[in-house]
Structure formats: structure tokens, C-alpha cells
Q: 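Dumping the structure here so I can ask a few things about it.
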Amino acid sequence: MPARELYKTMTNETKTILVTGGAGFIGSNFVLHWIAQQKGKVVNLDLLTYAGNLGNLVSLAGHPDHIFVQGDIGDRALVDRLIAEHLPSAIVHFAAESHVDRSILGPEAFLRTNIYGTFHLLEAARAYLATLTAEEKDAFRFLHVSTDEVYGTLEPNDPAFHEDTPFAPNSPYAASKAASDHLVRAWVHTYKLPALITNCSNNYGPLQFPEKLLPLMINNALAGKPLPVYGDGQQVRDWLFVLDHCRAIETVLERGRIGETYNVGGGNQQANLDVVNMVCALLDELVPDSPYKPHSQLIRFVQDRPGHDRRYAIDARKLEGELGWHAQETFATGLRKTVEWYLNNKAWMDEVTSGAYQNWMRANYGERSDETKASVTTAGVK
Ligand code: NAD
Ligand code: DAU
């Protein structure tokens with residue numbers, strides 16, 4: 001049956017969606033979650049940069065609902081071809097350069113993927129929309145997955161970020177994501193693209209690349225390596241379990257109002273040092289014969305991240321009140337599941353930390369932990 005005829009016979013739930021960045025941390029959790037619920041086919045477009053990993057999707061090998069395509073969101077011909085072939089009912093856009101420290105050491109890729117890549121994807125979606133019937137247009141959605149970092153940083157007593165908080169991005173990463181959010185907004189306003197934006201706080205959970213705080217600390221602690229806490233470790237992040245973020249995206253995709261932004265957060269503000277100490281305590285309990293116990297003895301304060309945002313906090317009342325989403329995991333339950341997952345998936349960690357990962361660790365931490373350039377002290381054991 002030709003693709004367009006097939007499209008007409010499908011219900012909303014069984015139509016194909018195009019996911020970008022579905023081999024990364026949140027994208028792969030989302031794809032696994034979507035397919036587990038038998039929501040229909042996923043065309044997963046991912047460039048497989050250092051952060052993309054087909055190992056995250058190994059349980060979908062041969063699955064008829066998962067079509068993986070290695071490629072760049074900025075490759076307009078490829079995106080047009082995939083859209084023409086699969087006639088997606090939605091595009092869920094995760095693909096990005098996502099690590100703040102990398103954006104400080106090399107911002108260009110962030111501009112290329114996060115800004116120009118998003119631009120090309122928006123243009124492909126706009127061209128596609130022009131080919132759809134009125135009914136199909138009504139059903140189509142473009143969901144742009146973004147971050148709370150676009151709002152900048154908070155003082156200790158400031159209210160949490162809400163959807164109307166003015167943008168004030170501080171890192172090259174945050175600036176590139178803010179630019180992409182503005183592009184999406186403009187495409188809604190000018191071209192009537194049926195898009196929505198989610199701005200989420202820090203995610204944690206299975207399948208996160210160990211350049212980010214939690215998996216990096218778990219991996220280092222298990223190997224008896226220093227746990228590098230930037231500055232005084234009192235920066236605050238609002239942590240959300242990754243599956244709660246996936247459920248929020250699903251909710252906004254299915255019930256969100258076109259053109260709206262929805263903030264997503266766990267209502268769970270924690271100082272970095274406290275988070276690292278919690279990870280250490282869990283490892284002490286779950287790896288009782290570790291030679292590195294107590295793992296908190298491995299904590300080291302190292303030179304701070306330039307321009308380090310002091311505090312993020314999300315006000316998610318719009319998403320909760322309007323669409324009925326609520327985080328299901330507490331930090332205690334989510335953190336335990338996370339640590340257990342990394343303990344049970346050492347082969348995954350070994351695979352992603354081989355090769356180029358070591359170069360990154362040298363580039364980012366070599367300077368920080370050099371005692372001539374950074375102040376390195378032992379943290380108090382809590
Ligand atoms: P990630 O770095 O783990 O994954 C990014 C994925 O995008 C990788 O699989 C990579 O190969 C792919 N990619 C990169 N450039 C590409 C390109 N040009 N074309 C196609 N694919 C490309 O990131 P993540 O943590 O999973 O974040 C996903 C999205 O969620 C990002 O847009 C990020 O800004 C946003 N976000 C992340 C968090 C968080 O805490 N991790 C919180 C809020 C929002
Ligand atoms: O807030 C949402 C953002 O959360 C996402 O948009 C980003 O994609 C994601 O990377 C994350 O950004 P952060 O910079 O907050 O995450 P990261 O895991 O890099 O760091 C969390 C905090 O821990 C931050 O304050 C920096 C600190 N940190 C991080 C690393 C890697 C350390 O103290 N030591 C470290 O080695």
C-alpha cells in the first residue's frame with residue numbers, strides 16, 4: 001500500500017513518529033518507552049556522535065517498529081527523504097550537542113547542530129506540512145526538547161523558572177539552545193508550524209553518557225578515582241528521573257497546546273556536593289566489599305566551570321495543572337534505581353568509556369586537577 005494510503009488508515013496512536021537524537025541518553029530512553037507501549041513506528045535519526053550509542057537500543061534489534069538511520073539533522077536531503085518515505089505524524093527533536101563543558105572548550109559544533117540543525121529540521125517540517133491535508137495538518141506536531149538553562153541562573157531565594165521567565169543563557173550550550181527555542185517560536189508564529197517546546201531540568205537515570213555528573217561520579221568511584229566536584233559544590237540543580245521526562249514529553253506531544261512552552265522539573269533541588277555524597281553512600285551500601293569505602297573519601301574540589309550557573313529550579317505547575325503530568329519517581333527511588341542500573345551494566349560503561357572518552361577526560365580534567373592551576377582539597381566526609 002502506498003505510504004499516503006497507509007497513513008490514512010492509521011489511528012493517531014499507530015502513526016510513525018520521527019525522533020532525532022534517539023541514540024543519546026534521553027532520546028533512547030524515550031524510544032524504548034514509546035515502543036514498549038506499542039505506540040507505533042519510530043524512525044530514529046541520529047548522527048552517532050561520541051554521545052550517540054546503538055548499544056542503548058540493543059533490546060530493539062530487529063524490532064519492526066524501530067527504524068534506525070544514521071545521519072545529520074542538518075542534512076536536508078536526508079531528512080526530506082525520511083519524511084517523504086515515512087510520513088510522520090510528529091517530529092520529536094532531541095538531537096543536540098548537550099554538554100556544557102564541551103561547549104566551553106569547543107562551541108562551534110553547538111551552533112551547527114543546535115541552531116542550524118534545528119533550523120533545517122524546522123524547514124523540512126514546514127515543507128512537509130504544505131503537502132498535508134487539513135486533517136493531517138491538524139494532527140501533526142513538532143516537539144522541540146529544550147532545557148532550563150535558557151533561563152540563566154537563580155539566586156538562592158529567587159522563585160523557580162516559569163514559562164515566562166526571560167531568557168538569559170550563560171554558556172555557549174545554553175545560548176545555542178535558547179537560539180533554537182527562539183527559532184521554533186518564530187516558526188510557530190510566522191509559518192503556523194504546530195510546534196511545542198519543553199524546557200526541562202537536569203535528567204538522571206540509565207544510559208547517560210559518563211561525562212555528566214552522576215554516571216561520571218559512579219564510574220570514577222567504582223574505579224577508586226577522584227570524584228571532581230567543581231568549585232565549592234554548592235551549585236543547585238533540580239533533578240528529574242529520565243523516564244519522568246519521557247512521560248512529560250509524551251504528555252505534551254499528545255495533549256499540549258500548539259505554540260506553548262511547558263517547563264518540566266522534578267521539584268527536587270539538590271546541591272552537587274550532597275548529590276555526590278548520596279551516590280557515595282549508595283555505593284557503600286550496594287558494593288559492601290569495595291576497597292574504596294567510604295567512597296566519599298574520593299571527593300576532590302577542583303577548579304570551577306567558567307561561568308558556572310549557581311542554581312536552577314523549575315516551576316512545573318503549568319504542565320501539572322493543565323496536562324495532569326506528575327513526576328512518579330522521588331530522588332531517593334530514582335537515584336537508587338540509577339546506581340543499581342550502572343552496577344548491573346558494567347559492560348555498557350566499559351564500552352562507552354573506551355577510546356575517545358579518555359581524551360575528553362584529559363581535556364576537561366587534566367587542567368582542573370593540576371595543582372598548579374587548581375585548588376584541590378579533600379572534601380569532608382559526611
Ligand atoms: P545526549 O548528548 O546524550 O544525546 C544527543 C544525541 O544527539 C546523541 O545520540 C547524538 O549522536 C545525537 N546528535 C548530535 N548531533 C546530531 C546531529 N547533528 N544530527 C543527528 N543527531 C545528532 O543528550 P541528552 O542528554 O539525551 O539530551 C537530549 C536533548 O534533551 C537535548 O536537546 C538536550 O538539550 C535536552 N535536555 C537534556 C537534559 C539533560 O539533563 N540531559 C535536560 C533538559 C534538556
Ligand atoms: O539543566 C538541564 C541541563 O542539565 C541540560 O540542558 C544539559 O544538557 C545537561 O548536561 C545538564 O547540564 P549541567 O551542566 O547542569 O549537567 P552536568 O551533569 O554537566 O553537571 C551537573 C552539575 O555538576 C553542574 O553544576 C556541574 C557539576 N559538575 C559536573 C561535572 C561533570 C561537577 O561538579 N563535576 C563534574 O565533573
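Order of listing sets the numbers, starting from 1, for every ligand and every atom in it. All values derive from a computational prediction rather than experimental measurement.
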Q: Could you tell me whether ligand 1 has any atom less than 4.0 Å away from a heavy atom of Gly22?
A: no
Q: Within ligand 2, which atoms have a heavy atom of Glu211 less than 4.0 Å away?
A: 31 (C)
Q: Please could you name the atoms of ligand 2 that His99 approaches to less than 4.0 Å, counting only its heavy atoms?
A: 19 (O)
Q: Can you find a non-hydrogen atom of Ala109 under 4.0 Å from ligand 1?
A: no
Q: Within the structure, is a non-hydrogen atom of Tyr204 found at a distance of less than 4.0 Å from ligand 1?
A: no
Q: Does Glu211 pair with Arg102 as a salt bridge, N-O distance under 4.0 Å?
A: yes
Q: Taking a cutoff of less than 4.0 Å between a non-hydrogen atom of the residue and any ligand atom, is Ala23 in contact with ligand 1?
A: yes
Q: Compare Lys212, Arg311, Arg305 and give the one whose heavy atom is closest to atom 20 (O) of ligand 2.
A: Arg305
Q: Please verify whether a non-hydrogen atom of Phe94 lies at under 4.0 Å from ligand 1.
A: yes
Q: Show which atoms of ligand 2 fall inside a sub-4.0 Å distance from at least one heavy-atom site of Val229.
A: 33 (O)
Q: Could Arg310 and Asp158 be called an ion pair, given the rule that one side-chain N must be under 4.0 Å from one carboxylate O?
A: no
Q: Within ligand 2, which atoms have a heavy atom of Thr147 less than 4.0 Å away?
A: 1 (O), 2 (C), 3 (C), 5 (C), 6 (O)
Q: Checking the N or O distance criterion of under 3.5 Å, is ligand 2 in contact with Asn202?
A: yes
Q: So, 4.0 Å and heavy atoms of Thr20: is ligand 1 close enough to count as a contact?
A: no
Q: Heavy-atom contact under 4.0 Å between Ser28 and ligand 1?
A: no
Q: Give a yes or no answer on whether the side chain of Asn56 reaches the backbone of Ala23 with a donor-acceptor pair at less than 3.5 Å.
A: yes
